[in-house]
> 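Encoded as structure tokens, here's the structure I'll be asking about.
No experiment lies behind these values; they were computed from the predicted model shown.
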Amino acid sequence: MSKTILEGLNPQQKEAILHNGGPLLILAGAGSGKTRVITHKFAYLAKKLSPNSILALTFTNKAADEMKARIAALTKKDLRNSWIGTFHSQCNKILRKEIGVLGYNRDFSIYDEDDQCNLIRHILKEFKIYEALYKGILSRISSLKSASITPEEFLSKGDGFGFEDRLARVYIRYQDELKRCNAVDLDDLIMLTTKIFEEHPDILKKYQQRFQYILIDEFQDTNTAQYKLIKLLASSHKNICVVGDDDQSIYGFRGANINNILNFEKDFPTAKVIKLEQNYRSTQNILHVSGCIIKNNPKRKAKTLWSERKGGEKVLQCWFGTEEEEAKYIAKLIKGLYLKGMYDYNDFAILYRINLQSRVLEDTLRHEGLPYRIVGGVSFYHRKEIKDIIAYMRLALNRDDNVSLRRIINCPPRGIGDSTLSKLEQEAKKKSISLFAAIKNVIKSGGVTSSAREKLEGFLSIIDKISSGKYKDAADMLSKIYTKTGYSEFINDERAENVQELIASAEGKDIKEFVDRVSLITSVDDVDNSNAISLMTLHSAKGLEFPVVFIAGVEEGVLPYFKAKGTEEIAEERRLLYVGMTRAKDLLWLTGAKRRKLYAKVQEQEPSRFLNDIPEESCQKIEKILKDTPYTAARKQRIKTFKPAAAYSVGARVRHPKWGIGVVRDCYGEGDDQKITVNFPEIGIKRLALKFANLERIR
DNA sequence: ATGCGCGACCTTTTT
DNA sequence: GGTCGCGCAT
């Protein structure tokens, strides 16, 4: 057992896994096999401990799912009751049990950013603060919460005058309103859990005993509130292992506190520190150049990544007249490399700092007939029609949820306008009751015109019908909502399709679990394996890797973005570039344009200051468009590093459970990391991990 | 209740 | 350049 767990690992990785109890900080450089170490460490721990007594926290659902799948494959243990998940989902789990002590009801709603905005705007109207400020105010409140500062603390810090004081009052009111709605926002999931632990030592003790070991992934992304929470949980046994890379901290603007990683050793003086510096992804050259850039950051835990893939192609720098030329050249290069058979479309990624850069790139790729996909972007669950339908569901489960009620009381339109609504608001305020209860009161007391009363009765009976109905699953409930509310007649075809998709995704799911999932998920985990070039922001690229990476717009004002002024902000921009560069396995291009259209005006652009840190000899600068694409070294590199494994030979036929029969195009890697590339007719070329692919060899 | 014109504003965004 | 929100007009 422990043989398989430690097989194929380097000494540092082994040390990290075998380290016995006590605080451990694993500084895992880009591409150093971090996920592997975490999952194997979990498996190792699970030999002695029940898997359900290990708390393993990630930041994304995707990372959590992947971790679960890999641990399940490794340990063959039942993980249905495990505590592997995101910070938010695991806190939600705790709150659903314990929130009673704070005076909330267990059926609380979870508000996302959209709901938060609605609530803040509602409050600002009442406070007579210019409503357009809501975004700024919400972000201030959110950063207070992520820094674990309560409304009362913030108010007591202020001088009692001016904007800060008013902000404090809005914050207090906001928190009150949430409670009145029996709702928590995403920051509350962390903050309220912490609050319970602080105020109820017995509850804290229960969870301290339950979690014998704590594992945290992407530790550089934790905010102060999250760190406070895990310090509480780890304080008795100090069996805590955090894994992260300070050089990849790029979410400071969302409250992530890089000092958490820098201070871990101070907070846990007996902490062992292990550095994972062997990179299994990029060529030595790419690592060298990205290392030259990141080493200029102040306050970092120095790491020197190295790779067995010695040498490699030089990093290519290219400077163009305009962003159109930049895009065109990138497209031509991709086409050239593709036609030479070196790479597939999904081997390429084009990364950029700001979303608006994607437009020219998209236009050009389309024009050149190259397939692409945008990664990230607007979330499915953020769409109006989806949020509306979910709001009905939420209101049926939690009648105090005023935000959801306001959202749907007149959607689809049923003639309940502002005047009726403000009567309801008044009544609710006067009697300190929810809007839903206010509707009942107003109907009884005859506080509205008879036509308004009829309409309110109609709305009431819809909600009553929804909440008294018996449903076999979440899909059943959603589809009844969709028809009974009149929503289905109200929307256009495209939106109707989205609703159908939502209903389909709820098939067989428990209603409450489904609502939670929707609130805690951002994007649909669509497994888009289509053979296409990936376009995304540098932020979205974190955690991914591609054989060929282009970083576009490496210019002053774009990267670093012009709004980044202070040293820490510049340092974060530098890390952003570093994250982008370390995504590349074989080839890396840094491009820029002399003139770029930004927000309707053409700007003269200078090369990014970060480029000055790149040593001449590791870089190739190209001023004009070349006829030949430089790829020979990369090809040699590939052949050397990826020796064909014996498992499948190129040209062999295999069957995949989902995609049918295909032809093996490539097979490489060793041990658990064996990868296979298969061309499935109709579906296209897929790159698969041999271990999980479930392939069947056929003759 | 809806439609339109005007002005302000622009990042990144795991949950 | 394009979006979003507001206020005013119907």
> Taking O4'-C1'-N9-C4 for purines and O4'-C1'-N1-C2 for pyrimidines, is B:dT11 syn (within 90° of 0) or anti?
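Here the answer is syn: the torsion falls within 90° of 0.
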> Base, sugar-phosphate or nothing for A:Arg359? Non-hydrogen atoms, less than 4.0 Å.
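Sugar-phosphate, backbone atoms only, no base.
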> How many whole angstroms separate atom OH of A:Tyr599 from atom P of B:dA8?
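Going from A:Tyr599 (OH) to B:dA8 (P), I get 18 Å.
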> Over 60° means perpendicular and under 30° means parallel, so classify the ring planes of A:Phe459 and A:Tyr392, tilted if in between.
tilted
> Determine: side-chain N/O of A:Arg575 to OP1/OP2 of B:dT12, distance under 4.0 Å, yes or no.
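No, no such contact exists.
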> Could you please name the option among B:dT12, C:dG5, B:dT11 that lies closest to any side-chain atom of A:Thr537?
B:dT12
> Figure out the CG/P separation between A:Asp187 and B:dT13, and round it to whole Å.
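Rounding to the nearest Å, CG of A:Asp187 and P of B:dT13 are 18 Å apart.
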> When we call it a touch if two heavy atoms are under 4.0 Å apart, what does A:Arg414 touch: a base, just sugar-phosphate, or nothing?
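If one applies the 4.0 Å heavy-atom cut-off, A:Arg414 turns out to touch nothing in the nucleic acid.
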> Please tell me which of A:His88 and A:Glu569 maps to the more 5' nucleotide of DNA chain B, matching each residue to the nucleotide holding its nearest heavy atom.
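Its nearest nucleotide lies further toward 5', so the answer is A:Glu569.
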> Output the rounded distance in Å from CD1 (A:Ile570) to C1' (B:dT11).
13 Å
> Indicate, with a heavy-atom threshold strictly under 4.0 Å, whether A:Asp217 touches base, sugar-phosphate, or nothing.
nothing
> Taking atom P of B:dT13 as reference, at what distance in whole Å does atom CD1 of A:Ile354 sit?
11 Å
> With the stacking rule set at 5.5 Å and 30°, tell me whether A:Phe253 counts as stacking on B:dT12.
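Stacked: centres under 5.5 Å apart, planes under 30°.
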> Using only side-chain N and O atoms of A:Asn355, determine if any of them is under 4.0 Å from OP1 or OP2 of B:dT13.
yes
> Calculate the interatomic distance between A:Leu544 atom CG and B:dT14 atom P; express it in whole Å.
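Rounding to the nearest Å, CG of A:Leu544 and P of B:dT14 are 12 Å apart.
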> Provide, to the nearest angstrom, the distance between the OH atom belonging to A:Tyr134 and the C1' atom belonging to B:dC9.
12 Å
> To the nearest Å, give me how far apart NZ (A:Lys135) and P (C:dG5) are.
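Computing the A:Lys135:NZ to C:dG5:P distance gives 7 Å.
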> Charged N to carboxylate O below 4.0 Å: is that the case for A:Asp217 and A:Lys34?
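Here A:Asp217 pairs with A:Lys34 in a salt bridge, since their nearest N and O are under 4.0 Å apart.
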> Salt bridge check: are A:Glu572 and A:Arg575 linked by an N-O gap of less than 4.0 Å?
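Salt bridge: yes.
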> Of A:Thr194, A:Leu57, A:Thr222, which is the lone residue that meets side-chain contact (heavy atoms from CB on, under 4.5 Å) with A:Ile230?
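Running side-chain contact (heavy atoms from CB on, under 4.5 Å) over A:Thr194, A:Leu57, A:Thr222 with A:Ile230 returns exactly one hit, A:Leu57.
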> Check whether any side-chain N or O of A:Tyr561 sits under 4.0 Å from OP1 or OP2 of B:dC10, and answer yes or no.
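For B:dC10, OP1/OP2 do not have a side-chain N/O of A:Tyr561 under 4.0 Å.
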> Specify the separation, in whole Å, of atom CG of A:Leu576 and atom P of B:dT12.
11 Å
> Under 4.0 Å between any heavy atoms, over every strand shown, what does A:Ser540 touch: base, sugar-phosphate, or nothing? Just pick one.
sugar-phosphate
> Could you check A:His539 against A:Pro413 and say which one's nearest nucleotide on DNA chain B is further toward the 5' end?
A:Pro413
> Counting heavy atoms not belonging to A:Lys597, are there more than 12 under 6.0 Å from its NZ?
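It does not: A:Lys597 NZ has 12 such atoms or fewer within range.
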